[in-house]
**Student:** 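Got a structure here, written out as structure tokens. Questions coming.
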Amino acid sequence: MIDKIPGGIAHELPKDIESALSLDATLLDAWVRLTPIARNEWICWVISPKKAKTREQHIKRMISELKEGKHRPCCWMGCIHRTEKELSPSQKFLLTT
């Protein structure tokens, strides 16, 4: 058992994600084995929706996809909150449209 579930590189772990991960030892193990950047991508993807219902759907999908062995959210432009790297051209495009 771990004392603190790790977050990402730009995002701390929100309580709702922490609670979901804590319910399943296999899921928690999959989370801990992810790189900090991959964990960051999942966190950013989950917290980015404006509506609570969409956020809940993202958490459910994250759980399902982690159990399937996926490491990052599919079709995600990437975290725009990372300060150690420049935004990609696709991120810049999406943010200006």
Side-chain angles (χ1 to χ4, degrees):
M1 191 73 181
I2 59 174
D3 292 332
K4 183 176 190 245
I5 301 173
I9 58 172
H11 295 289
E12 295 293 321
L13 188 66
K15 292 291 182 195
D16 53 354
I17 297 176
E18 182 178 7
S19 296
L21 294 170
S22 298
L23 297 175
D24 184 319
T26 304
L27 180 64
L28 181 56
D29 182 58
W31 179 263
V32 170
R33 286 186 286 112
L34 292 174
T35 65
I37 292 173
R39 288 192 302 263
N40 192 77
E41 295 295 314
W42 281 114
I43 295 168
C44 191
W45 180 73
V46 167
I47 66 172
S48 62
K50 293 180 177 79
K51 295 181 180 179
K53 183 175 181 165
T54 307
R55 182 173 172 141
E56 290 171 16
Q57 291 170 341
H58 279 215
I59 290 173
K60 287 179 183 177
R61 184 171 145 198
M62 178 193 75
I63 290 168
S64 172
E65 292 188 6
L66 284 172
K67 286 182 177 183
E68 292 172 5
K70 294 185 180 176
H71 294 170
R72 293 176 189 241
C74 175
C75 307
W76 173 239
M77 70 173 180
C79 178
I80 61 169
H81 305 101
R82 289 177 54 193
T83 58
E84 82 281 4
K85 71 176 195 88
E86 186 177 335
L87 293 175
S88 71
S90 58
Q91 288 173 319
K92 289 177 185 176
F93 173 78
L94 289 171
L95 291 170
T96 59
T97 57

**Student:** So, applying side-chain contact (heavy atoms from CB on, under 4.5 Å) with Leu66, which one of Met62, Lys70, Glu68 is it?
**Tutor:** Met62

**Student:** Can you find a pair of side-chain heavy atoms, one from Thr26 and one from Lys67, that are under 4.5 Å apart?
**Tutor:**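 Answer no - side chains too far apart.
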
**Student:** Might you point out which heavy atoms bring Ile9 and Pro36 nearest each other, and give the distance in Å?
**Tutor:** CG2-CB, 3.5 Å

**Student:** Among Ile63, Ile5, Asp24, whose side-chain contact (heavy atoms from CB on, under 4.5 Å) with Trp31 holds?
**Tutor:**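 One option only clears the test, and that one is Ile5.
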
**Student:** Do other residues, nucleotides or ligands put more than 12 heavy atoms under 6.0 Å from the CD atom of Gln57?
**Tutor:** yes

**Student:** Please tell me if the side chains of Arg72 and Ile37 come closer than 4.5 Å, counting only heavy atoms from C-beta onward.
**Tutor:**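 Yes. Closest side-chain heavy atoms under 4.5 Å.
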
**Student:** Less than 4.5 Å apart, any side-chain heavy atom of Val46 and any of Pro14?
**Tutor:**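 No, their side chains stay 4.5 Å or more apart.
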
**Student:** Do the side chains of Lys53 and Glu56 get close enough for a salt bridge, i.e. N-O under 4.0 angstrom?
**Tutor:**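 Judged by the 4.0 Å cut-off on N to carboxylate O distance, Lys53 and Glu56 do not form a salt bridge.
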
**Student:** Starting at CG of Asn40, measure out to CG of Leu34 and round the result to the nearest 0.5 Å.
**Tutor:**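 Between Asn40 CG and Leu34 CG, I get 11.5 Å after rounding to 0.5 Å.
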
**Student:** Side chains of Glu41 and Pro73: closer than 4.5 Å at any heavy-atom pair?
**Tutor:** yes

**Student:** Please round to the nearest 0.5 Å and tell me the distance separating atom CD1 of Ile17 and atom CD of Glu12.
**Tutor:**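 Spacing of CD1 (Ile17) from CD (Glu12) equals 12.0 Å.
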
**Student:** Near His71 NE2, under 6.0 Å, is it more than 12 heavy atoms from other residues, nucleotides or ligands?
**Tutor:**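 For His71, atom NE2 is not crowded (no more than 12 foreign heavy atoms under 6.0 Å).
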
**Student:** With rounding to the nearest 0.5 Å, note down the distance linking CD in Glu65 to NE2 in His58.
**Tutor:**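 The CD atom of Glu65 sits 10.0 Å away from the NE2 atom of His58.
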
**Student:** Which atom names give the shortest non-hydrogen contact between Pro49 and Thr54, and what distance separates them?
**Tutor:**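 It is CB-CG2, 3.6 Å.
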
**Student:** Okay, side chain of Ser64, backbone of Lys60: is any donor-acceptor separation there less than 3.5 Å?
**Tutor:**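 Here the side-chain-to-backbone pair does not exist.
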
**Student:** Out of Val32, Asp16, Leu27, Ile59, which one pairs with Leu21 under the side-chain contact (heavy atoms from CB on, under 4.5 Å) rule?
**Tutor:**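 For Leu21, the side-chain contact (heavy atoms from CB on, under 4.5 Å) check succeeds only for Leu27.
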
